[in-house]
Amino acid sequence: MNPLCGRCNKMVYPTEKVNCLDKYWHKGCFSCEVCKMTLNMKNYQGFDKKPYCSMHYPKSSFTSVIDTPENLRLKQQSMLNSQALYKEEFEKNKGKGFSVVADTPEMQRVKKTQDQISNIKYHEEFEKSRFSSDAPPPVNSSQDPQQQQPAIQQTYSSQPVSAPVPVAVPPPSGGKRYRALYSYAAADADEVSFQEGDLIADVQQIDEGWMYGRIERTGQQGMLPANYVQPF
């Protein structure tokens, strides 16, 4: 007999079954308990046998511990063990000159965001340099225009006129406009905060759960969750 879904309590068939947190789910029902964003086995976080996204995962509260002699002894012993492990790792990596960073999905997202920001800044600098190169040279007002004209005519007659070189213009970003459904506070340095009803321009899809755009009210650019906005 087929099991029941942990979300909608309906029958789950093998072709659409997700087995996680000691329950069975439809693929569409396996979503965050707070924002309902669809999750998978790579990006979910479980709490009390319920799935959450990384943003809405419940924060665990800490309880104070009394500094009894036994607790102080255990704390000192842990510090000594940590120092011993640090020295051991330092001796192993000594002379290598670099550390290996795991290529996690989060690192890939940050790297992709940095590449897009660098590309946008490159286009801005390119446009500034193009406009400055197209500006006419300043005219010295102290000289008599009748004295300048023969010099200009002599220069034109002695040197051949070359055709202007076409300048490559970067393609438009092609971003769309979106409206914020909910307010959002940035959790990382590469994200932006916005309020409900804000308009977001130049939106580009990064992955299934994140976008990159510019808040028209504040002018800030960065990452934003895709399930907080809708096309405008």
Side-chain angles (χ1 to χ4, degrees), residues 5-10 16 18 20 25-47 50-59 103-132 134 166-232:
C5 177
R7 176 78 66 190
C8 64
N9 203 25
K10 295 181 180 180
E16 56 180 355
V18 176
C20 186
W25 315 76
H26 295 103
K27 292 182 180 179
C29 293
F30 190 62
S31 58
C32 177
E33 288 288 322
V34 179
C35 65
K36 306 305 179 183
M37 182 177 72
T38 304
L39 304 173
N40 53 46
M41 299 301 292
K42 296 182 179 180
N43 61 2
Y44 88 96
Q45 295 189 22
F47 182 82
K50 296 179 181 179
Y52 294 88
C53 64
S54 59
M55 185 182 304
H56 296 109
Y57 181 74
K59 302 295 188 298
D103 193 12
T104 61
E106 180 65 18
M107 291 297 296
Q108 292 179 358
R109 183 181 70 82
V110 173
K111 182 179 178 182
K112 188 174 182 179
T113 303
Q114 291 176 349
D115 292 341
Q116 290 183 347
I117 294 175
S118 299
N119 190 21
I120 293 173
K121 289 183 177 179
Y122 167 77
H123 289 322
E124 291 178 355
E125 294 296 332
F126 180 83
E127 288 293 333
K128 290 180 180 179
S129 61
R130 184 171 70 87
F131 290 146
S132 61
D134 293 342
V167 180
V169 180
S173 59
K176 300 179 179 179
R177 297 185 70 195
Y178 281 70
R179 181 186 295 275
L181 297 174
Y182 316 101
S183 298
Y184 176 74
D188 293 327
D190 60 343
E191 299 178 3
V192 291
S193 302
F194 52 85
Q195 298 180 0
E196 180 180 354
D198 280 350
L199 296 180
I200 302 127
D202 302 332
V203 178
Q204 300 180 14
Q205 188 75 31
I206 302 301
D207 53 27
E208 183 178 354
W210 291 91
M211 294 179 171
Y212 181 87
R214 174 175 56 84
I215 311 302
E216 293 188 351
R217 180 176 56 85
T218 61
Q220 295 180 350
Q221 300 182 5
M223 303 288 296
L224 57 142
N227 57 332
Y228 276 60
V229 298
Q230 68 177 2
F232 175 66

* Would you mind listing every side chain to side chain donor-acceptor pair (under 3.5 Å) that reaches into residues 221-232, with sequence neighbours excluded? => H56-Y228, Y212-Q221

* Can you name the salt bridge (charged side-chain N to carboxylate O under 4.0 Å, His left out) partners of R179, sequence neighbours left out? -> none

* Just jot down the side-chain contact (heavy atoms from CB on, under 4.5 Å) partners of T218, sequence neighbours excluded, or say none. => I215, Q220

* Measure the spacing between CH2 of W25 and SG of C20 and express it to the nearest 0.5 Å. => 8.0 Å

* Asked: What distance do D207 atom CG and M223 atom CE have between them, rounded to the nearest 0.5 Å?
  -> 6.5 Å

* Pairwise distance CD(Q45) to OG(S54) - rounded to 0.5 angstrom -> 6.0 Å

* Asked: Rounded to the nearest 0.5 Å, what separation is found between the CD1 atom of I200 and the CZ atom of F194?
  -> 5.0 Å

* Could you tell me which residues satisfy side-chain contact (heavy atoms from CB on, under 4.5 Å) with K27, sequence neighbours excluded, listed by chain and number? => V18

* Asked: Which heavy-atom pair separates V229 from A180 by the least distance, and what is that distance?
  -> CG1-CA, 4.0 Å

* To do: Could you note down all residue pairs passing salt bridge (Lys or Arg N to Asp or Glu O under 4.0 Å) where residues 35-46 supplies at least one of them, sequence neighbours left out?
  => none

* To do: Tell me, please, which residues at least two apart from K10 pass side-chain contact (heavy atoms from CB on, under 4.5 Å).
  => C8, H26

* Asked: Among pairs that include at least one residue of residues 185-197, which meet side chain to side chain donor-acceptor pair (under 3.5 Å), considering only residues two or more places apart or in two chains?
  -> Y184-E191

* To do: First locate atom CZ of R109, then atom CD1 of I206, and finally report the distance between them rounded to the nearest 0.5 Å.
  => 9.0 Å

* Asked: In chain order, what residues pass the side chain to side chain donor-acceptor pair (under 3.5 Å) check against N43, with sequence neighbours excluded?
  -> none

* Can L199 and F232 be said to form a side chain to side chain contact (heavy atoms under 4.5 Å, CB included), step by step? -> CA-CA 8 Å; L199 296 180; F232 175 66; 4.0 Å; yes

* Asked: What's the spacing between Y178 OH and K176 NZ if we round to 0.5 Å?
  -> 5.0 Å

* Non-neighbouring partners of E216 that pass salt bridge (charged side-chain N to carboxylate O under 4.0 Å, His left out), sequence neighbours left out -> R177

* Can you see which heavy atom on M37 is nearest to which on C53, and at what distance? => CE-CB, 3.7 Å

* State which residues pass side-chain contact (heavy atoms from CB on, under 4.5 Å) with K50; sequence neighbours excluded, sorted by chain then number. => E33, Y52

